[in-house]
Structure formats: C-alpha cells, structure tokens
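None of these values were measured; they are calculated from a predicted model. Lettering follows sequence order; numbering is per chain, from 1.
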Protein chains: 2
Amino acid sequence: MTRRHQQIAEALRRAIADGRHPVGSALPSEAQLADAHGVSRGTVRQALAALLAEGLIGSRQGARHLVLSTAPGQSLTELRSFARWARAGGHRPGGQVLDSARGTADGEEAALLQLPPDAEVLRVLRVRTLDGEPVLLERTVYAGWIADAVEELPADCESVTQALLDSRGPVFAHGEHHLDALAAGTVDAQKLRVRRGSPLLRVRRTTATAEGRPVETADDRYRPGEVVFSVRNSTQANPLARARAD
Amino acid sequence: MTRRHQQIAEALRRAIADGRHPVGSALPSEAQLADAHGVSRGTVRQALAALLAEGLIGSRQGARHLVLSTAPGQSLTELRSFARWARAGGHRPGGQVLDSARGTADGEEAALLQLPPDAEVLRVLRVRTLDGEPVLLERTVYAGWIADAVEELPADCESVTQALLDSRGPVFAHGEHHLDALAAGTVDAQKLRVRRGSPLLRVRRTTATAEGRPVETADDRYRPGEVVFSVRNSTQANPLARARAD
DNA sequence: GAGTGGTCTAGACCACATT
DNA sequence: ATGTGGTCTAGACCACTCA
C-alpha cells in the first residue's frame, strides 16, 4: 500500500532515469502532471518535493521544473551496504571477520545504542575488501538483541546487511554518520596494509530500525584513494534555507 | 516580506532554543498551532516540515511532534556557509584570502563547472579560522560569470555566501560533496599549522544555482579534530525521525 | 474512543518567467 | 498577456497512538 505521491515520485524517477526527461529539459507543469495522474496539484507537489530534496530536479518560481541529473550515485543518503555498493560500482566485494566477542557496553556505546549501562553487546572486527584489496576496517558493536542473528553468519559473509534482511526483515532504516580524518594506528596499518600514521577516512555511524531502535554502532576506517563518499543536497527541499546572519 | 510559514518556523525554532519546548517534550498539535497563528493547518505543516528536515523535531503518525534537539547539528543536508555554521556552534568565524587570480579552466574544472574548455575562471585560496585557529584551507574555482562579484569582496570577508546572497540573490541551491582523506602537503601543513603528512579531511564540492548552473567548485581541507561532518539519513523519503544529542 | 498526524482535494491569489 | 510555480485555505478521510 504505497501512497499516491510516492507512486508519482517513483514514476518521475524512472522517467528521468530512462531518458524520457533528459537532463536539462523541463518537466510537464504541475497541472499537467496532476491531470495525467488523476490527482490534485497538492499531491503532485508532494512528489516533486521528494525529487527536489534528492537534487534530481530544480525549480524557479514562474518556470517549469528542470531535470538536473539522472540518478544519484553512491550517496550517504541511501543506506546501502558495502557489498551492494561495491557491486554497483562493478567491483567484487569481500570480507573477513577477524574477531568477534561478546562483552558489556561501555558508557559511550550504551548511550549510542540506547541500552542500559553494562548491557550485553557483540563486538566484531571485520576487514572488507574490494577486488581482493583491503579498503575498510570495520569495528562494529551490535546491540544484544540482534547479536544471535549476527553470530550465526559465516565469518566470510559477503553482506551482513543482506543476510540480516533475509533472516530478520528490514532491520536498518535510519542512520547517522559522522565523518572525519585520522592517522592510522598500529592495527589499522597492519590490516589495511598502509603505513602507521597515514591518513584514513573515519565514519562513525549508528543505524536504527524504523521505530528508532538502535541496532549497531560502528567505527569504519577507509583507506584513502579507494573510496569516496558523496552527498548531494539542496536548499530547496524544504523552504528553510535563507540566510540572515545575526 | 517573509512568508507566513517561514515566520512560524522561526517562532518555533526560537521557542525550542529558549527552552519553552524542552527536548523530549511534545509540541502543540498542528490544529492548535494553526489556531494560535491564525493560519490553516497546511501552512503549519509547511513550517513543521522545515524543522523536520533540520532534525529539530521528529514525528510519528498519531502522536504529537517531539522535540529532538535544541539546535541542528552541522549537516551536509543543509547548505550552510562556514560562517553560519561556526556561529551556530558558538564559535567566532574568520577568514583570509591568501591568493586570488584569474585564469583559464583546465579540463577537469571545465567539466565540473560545465564551461567550455579554456573558459575564464577565478581561483581563490582562502584560509578559514575558528576562534582564531586555522581549521580549513579552501581552494575555490569560481565560474567567470560570478567572478566579478567575488573579486569585489574584501579579502577578510567573513561570509562569502552571505555577501553573494546580498549582492546577487540566492546563488547556491544545490551541492554535491565528495569526502575523502589525504595527507597534508607542504602548503596545507604551513597554512593549517600541522605537520606535513598528517591526515586531513578533504571535501571536494560543486555548488550550483537553482537552475542547475554551476557556480563554484572547491577543494576544502579540514584539520581533523576540529570539525566533523554529520549526515543523517533514512530509507524512507524525507521523514527524519530520531536523533541523539551528543 | 478521542485526538493526532499523514494524505488528499479543489479551489484561490500572488510573484515571477516567458513570449 | 499568459502560464507557471509558491503560497494559503477549508474542508475531508484514514491510520495510528494513547489513555
């Protein structure tokens, strides 16, 4: 049971991806779209707002919506798994669990996962490879309630996300990512085959279910040169924006 | 002449910041807000959508909007200028143009800015400070058509974004950001006062007008430890549900 | 069961862009 | 002058939450 505005947004995304609305061209007017889909203009505007937020189209008062790009590439706004992302880029993903141990959450972990202090967690150290080359060292802390499902996975499991989706349904819905840079420590250097002190891109992330229940929190360190994170954004998504510094 | 929904959004932001709606509390219902401001529910929903996108509030069908945090975190989903972001965090932003020169676009620049080969561009090297400390080295390439407006700005201009907004109207509407890590080069090290080879967070970004016309492309290098980029996302469309204050 | 947010409608007026 | 998107209204129904 999808909503009308979601269906219309999806239809427009497909039309743009297929080239029926090439980059640089104008979309039909809101009134025309409303007519074509048999809905009111408000519903069409709801659909267009989604594409606006994705940066797929632009708009100016008085002129029609313009197609700006065909499809967002790898983007943090899509919560994709490492394996999915790798395959989308034509690479062969791999992975290996180096360590896996149960323990109790420390203060920070408990806060991130919204667990009581000293709650049980599962810590996993995993290296991820792209075409055989190690590119990512992943330190993940899973909340206790999901730990069993994770421990049952094989050590060389290609996609934890996919495996959990199959066994437990859609577990990941929301994510918060913090990105910064840091120097490789001893373990990082050894596992990623770089020199100690060389720059790494760090992504600290926490993901949660649709209800907002945290599932895992992780510290991912990427070898530079192999992976770039992209974010596309827009001020027009919602009419906030506007400056006025005080 | 500000729109009603912007006024209401601003009033709600102030009320949240002032503690009149503490974190964890529920906002008045949409109907109550509509009544209080003398507008229809649709207008109130437009205002709430802005706060939703900023991550200030969350919503669930059937329950009232919840206050999630008092101030929006630095997020790539908001296109804010360095100066605005710094002030929001209670810091004093500064900046200095180190170099500014006209030239012709190389192949990569021309592609990013969608200009013909050898088109005229303006290259600016700028250091940005937070409370007097250099934290960001910015190499920006402006398209020729905006170069005049940029060159007229004072070298110690605090906010280029703001200055351009005042003189040229809303110039920045869409952005694409690519994040990775790299080692500080000689110039980076000197200007950011770090050792050569120490890790930096690099953000390569291109911003465009609402019509999709590229304005500038930049290579920003951040000293680590000072700045963290955050991205919040969701598998669902816009709704930005939960949050976690640090 | 009452209240609330999510969705949708069918109008309307204005500011802006294009012709 | 006409068409377009931006804004706003005053309703309506449904799915959901909560007491």
Whole angstrom is fine here: how far is it from [atom1] in [X] over to [atom2] in [N]?
X       : N      : atom1 : atom2 : answer
B:Gln7  : D:dC8  : CD    : C1'   : 13 Å
B:His5  : D:dG6  : NE2   : P     : 10 Å
A:Leu33 : D:dG3  : CG    : C1'   : 15 Å
A:Leu48 : C:dC8  : CG    : C1'   : 15 Å
A:Asp35 : C:dT9  : CG    : C1'   : 14 Å
B:Gln6  : D:dT7  : CD    : P     : 7 Å
B:Gln46 : C:dT7  : CD    : C1'   : 15 Å
B:Arg4  : C:dC14 : CZ    : P     : 17 Å

To the side chain of [X], which of [options] is closest?
X       : options             : result
A:Glu30 : C:dG5, D:dG6, C:dC8 : D:dG6
B:Ser59 : C:dG5, C:dC8, D:dT4 : C:dG5
A:Arg3  : D:dC8, D:dG5, C:dC8 : C:dC8
B:His65 : D:dT7, D:dT4, C:dG5 : C:dG5
A:Ser29 : D:dT7, C:dC8, D:dG5 : D:dG5

For B:Thr43 and D:dT9, is the shortest distance between a side-chain N/O and OP1 or OP2 below 4.0 Å? yes
A:Arg64 vs D:dT4: side-chain N/O to OP1/OP2 distance below 4.0 Å: yes
Do the charged groups of B:Arg205 and B:Asp219 touch, with an N to O distance under 4.0 Å?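 Here B:Arg205 does not pair with B:Asp219 in a salt bridge, since their nearest N and O are not under 4.0 Å apart.
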Are any of the side-chain nitrogens in A:Arg123 or A:Glu109 under 4.0 Å away from the carboxylate oxygens of its partner?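 Salt bridge between A:Arg123 and A:Glu109, a charged N being under 4.0 Å from a carboxylate O: yes.
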Check whether any side-chain heavy atom of [X] sits under 4.5 Å from a side-chain heavy atom of [Y], and report yes or no.
X        : Y        : value
A:Glu10  : A:Gln7   : no
A:Tyr142 : A:Val121 : no
A:Leu179 : A:Arg202 : no

Quick one: label A:Arg45 by what it contacts on the DNA or RNA (base, sugar-phosphate, nothing), any heavy atom closer than 4.0 Å. base
Would you tabulate the pairs of protein nitrogen or oxygen atoms and nucleotide nitrogen or oxygen atoms of nucleotides 10-12 of chain C closer than 3.5 angstrom?
residue	atom	partner	partner atom	Å
C:dA12	N6	A:Arg41	NH1	3.2

Heteroatom pairs (N/O) under 3.5 angstrom, protein to nucleotides 17-19 of chain C:
residue	atom	partner	partner atom	Å
C:dA17	O3'	A:Arg60	NH2	3.1
C:dT18	OP1	A:Arg60	NH2	2.8

So, B:Asp106 side chain and B:Glu108 main chain: donor-acceptor pair closer than 3.5 Å or not?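 Between the backbone of B:Glu108 and the side chain of B:Asp106 there is a qualifying donor-acceptor contact (under 3.5 Å).
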Does A:His37 offer a backbone N or O that forms a donor-acceptor pair with the side chain of A:Arg4 under 3.5 Å? yes
Considering non-hydrogen atoms only, spot the tightest contact between B:Ile16 and B:Leu51 and give its length.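 Looking at all heavy atoms of both residues, the closest pair is CD1-CD1, 4.1 Å.
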Between A:Val44 and B:Pro28, who's closer to the 5' end of DNA chain C by nearest nucleotide?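 In this pair, the answer is B:Pro28.
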Check the pair B:Thr140 / B:Glu216 against side chain to side chain donor-acceptor pair (under 3.5 Å), numbers first and verdict last. CA-CA 7 Å; B:Thr140 312; B:Glu216 55 161 10; 4.7 Å; no
side-chain hydrogen bond (donor to acceptor under 3.5 Å, both in side chains) against B:Glu151, all qualifying residues, sequence neighbours excluded: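 B:Glu151 satisfies side-chain hydrogen bond (donor to acceptor under 3.5 Å, both in side chains) with B:Arg102 only.
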